[in-house]
Amino acid sequence: MSERLPYREGEWIDRKQPVAFRFEGKSYEGFAGDSLSSALWGAGTRVLGRSFKYHRPRGVYSLTGYDVNCLVEDGRRTNLRGDNLSIVPDLDVRSVNTIGGLDRDRLKIIDRFGSLMPVGFYYKAFHTPRSLFPAYENQMRKIAGLGKINPQAQPVATPKDYAFCDLLVTGGGPSGLAAAIAGAEAGLDVLLVDEQPHLGGSLLTQHARSRAASERLENLVARANALENLQIRSETQVAGYYADHWVALVDEKRLTKLRTRSSIFATGCIEQPAVFQNNDLPGVMLGTAAQRLIYLYRVSPCQRAVILTANTEGYRLALDFVDAGITVVAVVDLRHDGEPSELDKQVTAAGIEIFRGHTIYEAAAGSRGTKVNGAILCPLDGEGQPDRMGHLRLACDGIMMSVGWAPNADVAYQAGVRFAHSELVEQLIPQHIPKGVYVAGRAAGLFDLEDQIGSGHRAGLQAASQLGFYQGEIPDLPVHHGQPPSHSYPIFSHKGKKNFVDLDEDLHLVDFKNAHQEGYDNIELVKRYTTVGMGPTQGKLSNLNAVRILARLNQATINETGTTVSRPFHHPVSLEKLAGRRFHPHRQTPFEAIHRKHHAEMIHAGTWQRAEYYHHEKSSREDCILQEARQVRHSVGLIDVSTLGKLQISGTDAARFLEHIYTGRFTDQPVGRLRYAVGCDELGVIIEDGVVARTGEENFYVTATSGGVAAFYRDLQRWAMVLHMDVQLINATGHLAAVNVAGPQSRVVLEKLTDLPLADDAFAYLDVHQGRVAGVDAVLMRVGFVGELGFEIHIPVSCAVHVWNALMEAGAAQGIRPFGVEAQRLLRLEKGHLIVGQDTDALTHPYEVGLGWAVKTDKPFFVGSRSLEILRKQPQERTQVGLVLSQDYGVEECHLLLEGSEMIGRITSVAPRTTIGEPIALAFLHPDCAAIGNEVKICGSGRKLISARVVPLPFYDPEGSRQKVDL
Amino acid sequence: MSDNPNFSIRQSPLQAIIGETTFPSLEVQNKWATCLGLADTSLLEKWGLRGSGAADWISTMGVDVPETVYATRPLSEGGLIARIGKEEFFLEAAARGQSLSTLRDALPTGGGCTAVVREDASFLVMGNRSLDLFSQTCSHRFATSPEDKWVYTRIAGVSCGVLPQRIGEKTHYRLWLDPSYAIYLWETLLVIATEFGGGAVRNSL
């Protein structure tokens, strides 16, 4: 059955573009421009969804997405709001929160047992016995919750977006348009945002009958479009407002992070429902929802309407129905005196009966309970409650509510605006507005069209004035005249307990009375106990009535009762938009392509990509690593160590500065020599190590750990400022590449590429020289991290590949091959060298790991000196030891060392297969158990106890003879 | 400026991904450049200088020294000098074959000047949609950034120096960054540029 009305200028649908779609497995047809809700309603479908708790049938209610009566999922996305979901070809959606489909939802039986499930029942019913709670929880989890996430759904990358403006205007109604135009005409860079696809706001619906209003809208839109510095973004939500005018905008494609200098909220009002029995039946809807159906989608809300009202808008609505050819059975006016304007006469003239001082006591349901088939009216008594003695029934299939408004103020709250209740309009209006923020239109309590436009214009000038773009006069703020547009208490008791206050959570009037009786008399407590306003719409249609109810129960005013505040987001935002396009910066050394060419297995090392090892024919990972290590031990290997931190430290105070930073001495370090350096924090904990090369009297070149250099460099910068020293710090980590050519044949290889003398007497262990390698300026350091003769070569990254290739070519006769991080780790472990962060933890100090020699306590100060002085005098609780394991499997890093059931240590590094032929490990061990030759037990994989023997460190070449090798 | 002695052995950090790239026809490249083009300018030689005596020394070398922080000046033989800190300068040659070694080799030891190794990757962003590219990757408002004024910001999570420059009739954007991030940032920007109908174009500098 089609419920479409004839064509009308301004309608949003394109009748030339029919759109076929599917809902609940059935085929439907609507028009381009339709939302899912309007298309279904237009097709005669009345049940669009099921309620959260009682699974009651629900239909069109606000048609703005401010209710969740129509929540659907499409297989990839869930909890899509039918009011805001445009129909497109191939749309195929199903209602959420049903078992067996919308019509046959098996859980609708819960509605019959509603009286057994008052608010808070789960706090009481499932509290004891505790042992049964898991069973209760299991069942509740199956039933509760809206929508199901499809973990198989493919994520969609949405772009990130940053934007800027001088003035953000939220709301494209009359006041928002006027504000944006005023701001832009004053020269501001203005962004006008509206959540609807077309500008106009209330001019499109509540004023749609007025030709003058339509012309006003056309004029405003034309002026706005003509301004180059006024950008308009429709179908965009202002989802959150943060400090310093940082705003989150969300549209179909993306989340935009907007920085504005000022902001005007012309967000209008959200029409509020009345509370009466069965006020949630399909066919009961807000007056603005009916107007949206009529004017925007050209769908008839019903055939025979009863309008419940307490303001002028209700009478306008009646005339809208008349114009559309829909029968209005009656206007039920909560006001005893009725409507004072001319509209009263127009409605009467249209033959519509007006019941003044009456309310709708109950919406009567059809036989299946899925739609309205009548309205039961009662006169109001002296206390504004229904007098059931005078009730009468009117046959109708639609009940429209137009009883009042609440400002659409969530985001304004987030911007710091505070609202207070005004009896002049029976509405919350702004009371405190922070600098740079303005509120205009209905949200400021102005309902006259001219007042709305005037207040918008004023706000635009205010913003321009505050930003220095306007020096003229600011007009006065208009004030509302006449009766309040909102009724003070459109809430009516009924014994049936289906007079809903919060449709999200299925909360009815008695739930609030019960909560109050139990002592929850504060709005924040009521909110949490009843869960009012905690559903998907965050109370947009329920918070105000909840406050009214509590105020009456407390015999207090609304201002005394207070309101809850709003937090971002104003509207649900999908995680894919929050995440946006993923930016995961990662670093590559200049040799990455070479590593891959050599079949490297790449691993993440912090932000870097490194070669873990190189695949060699069909060898296993362990075999490849061992082969690489043996190559270094017996001949020569080449490793990319470009990830090392590389710092240049210079200045007249450079040496003194280093002595403040590190535990060692540097003022007496000869030029051309290296020193191992340990850096601690103020607690004496090791945070860094590396080598310090003195390249000149006032120049040092320092290496630091790959993962720690960024933080360490920041620390150095801080200390440089604190100490007021003449020192220049340069982090050259990314600008210099580094390789280590290591092994007994390394000198032979390097000699072919440099004029520097490399013999032991000219280039000794721990020497540093600057020269050229393969024609490239380089810093060369003789280091022994892997326990073999070796040269670390630091070169500009642009020339790095050239040097690597030259070294590989020069070493071809020696069978040079690249080795990866794992081989390096094995080699250094054999040599007993620790890795900061692996063999140390957040408590490790130098004395625990045999680095007491590197702590020069005779210095006046260094970072951590005071703590280390104390730690040095205390008995140690652990010490680093070397272990030879009884078997080459079953032990991993972090496995515990046990004595009986007592933990006496833990493994920090382990190598099951080594070049020395025995499985070895580094471990922390209690000093009492650390004697050389002592046997300890390791709780290995599968909790098996594995024996190990404490041995002296290093495991390999304890005399250091490999540094003297000269083959 | 002298010829760059390492000209033949220097490689861009993007060598591995665009070294072998076959660029499309000039017509297509021009189309991309008009819309949103990315060019690799990493092989332009760079050099840095820092210290209390840096400004005076550069001045004695006949270089027009930018007076304020983040200001830039062209070098007499092409290229540019940027003042990226109160006592820090960044210099870049104008063409791949040029070297800054004349200056570099003349730097005395001490004297409050420290040479800084600068091996930055550098890109050129050009085209009508340049600002759209930045709006997706950066929180800085380039639309109001003055030309020839250096900006430090983060683009797609990478710290960059950015310089809006007028080249011909249009504003182009020069980017400098740590070379270890070059491939990541290039690939990230290129994905977005391609979505806008642009792409990688051959370096015209």
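Residue numbers start from 1 in every chain, and the chains themselves are labelled A, B, ... in the order their sequence lines are given, proteins ahead of strands.
Between A/Pro585 and B/Gly157, the shortest heavy-atom contact is CG-O, 3.6 Å. Residues A/Ala593 and B/Ala16 come closest through the heavy atom pair CB-CB, 3.6 Å. Nearest heavy-atom pair across B/Tyr181 and A/His586 is CD2-O, 3.7 Å. The two residues A/Gln728 and B/Ser52 have their closest heavy-atom pair at NE2-N, 4.4 Å.
Checked by atom type and distance alone, the side chain of B/Gln136 never pairs as donor or acceptor with a backbone atom of A/Pro159 at under 3.5 Å.
Using a 4.5 Å cut-off between heavy atoms, A/Leu736 touches chain B through its side chain atoms alone. At a 4.5 Å heavy-atom cutoff, the contact between B/Asp120 and chain A is made by backbone and side-chain atoms alike. Heavy-atom distances place the side chain of B/Thr188, and not its backbone, under 4.5 Å from chain A. With a 4.5 angstrom heavy-atom cutoff, B/Thr114 touches chain A only via side-chain atoms. Using a 4.5 Å cut-off between heavy atoms, B/Ser12 makes no contact with chain A at all. Only the side chain of B/Glu87 comes within contact range of chain A, judged by heavy atoms closer than 4.5 Å. Residue A/Ser650 touches chain B through its side chain alone, counting heavy-atom pairs closer than 4.5 Å.
A heavy-atom distance below 4.5 Å is found between the side chains of A/Arg581 and B/Ile192. At least one side-chain heavy atom of B/Tyr184 sits less than 4.5 Å from a side-chain heavy atom of A/Phe583. Between A/Gln588 and B/Ser180, every side-chain heavy-atom pair lies at or beyond the 4.5 Å cut-off. Here the side chains of A/Lys160 and B/Thr137 are not in contact, with every heavy-atom distance at 4.5 Å or above. In this structure, the side chains of B/Arg50 and A/Ile730 come closer than 4.5 Å at one or more pairs of heavy atoms.
Of all the listed residues (B/Glu195, B/Arg118, B/Glu119), the one sharing the greatest number of non-hydrogen pairs under 4.5 Å with chain A is B/Glu119. With chain A as the partner, the residue from B/Ala121, B/Gly51, B/Ser42 showing the most heavy-atom pairs under 4.5 Å is B/Gly51. Of the listed residues (A/Ala732, A/Ala774, A/Pro590, A/Pro796), the greatest number of heavy-atom pairs within a distance under 4.5 Å of chain B belongs to A/Pro796.
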Under the criterion side chain to side chain contact (heavy atoms under 4.5 Å, CB included), I'd like the reasoning laid out for A/Lys646 against B/Val117: C-alpha separation, chi angles, the key distance, then a yes or no.
CA-CA 11 Å; A/Lys646 306 174 202 76; B/Val117 179; over 6 Å; no
Could you go through A/Ser798 and B/Gln11, starting from their C-alpha distance and side-chain angles, then the distance that decides it, and tell me whether this counts as side chain to side chain contact (heavy atoms under 4.5 Å, CB included)?
CA-CA 5 Å; A/Ser798 60; B/Gln11 281 193 358; 5.8 Å; no
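Atom CG of B/Asp178 and atom CZ of A/Arg587 lie 4.5 Å apart (nearest 0.5 Å).
Dense packing is recorded around CG of B/Asp105, with more than 12 heavy atoms of other residues, nucleotides or ligands lying under 6.0 Å away. Within 6.0 Å of NZ in A/Lys752 there are more than 12 heavy atoms belonging to other residues, nucleotides or ligands. For A/Gln717, the CD atom counts as densely surrounded, since its 6.0 Å shell holds more than 12 non-hydrogen atoms of other residues, nucleotides or ligands.
A/Asp189 and B/Arg141 are joined by a salt bridge, as a carboxylate oxygen and a charged side-chain nitrogen come within less than 4.0 angstrom of each other.
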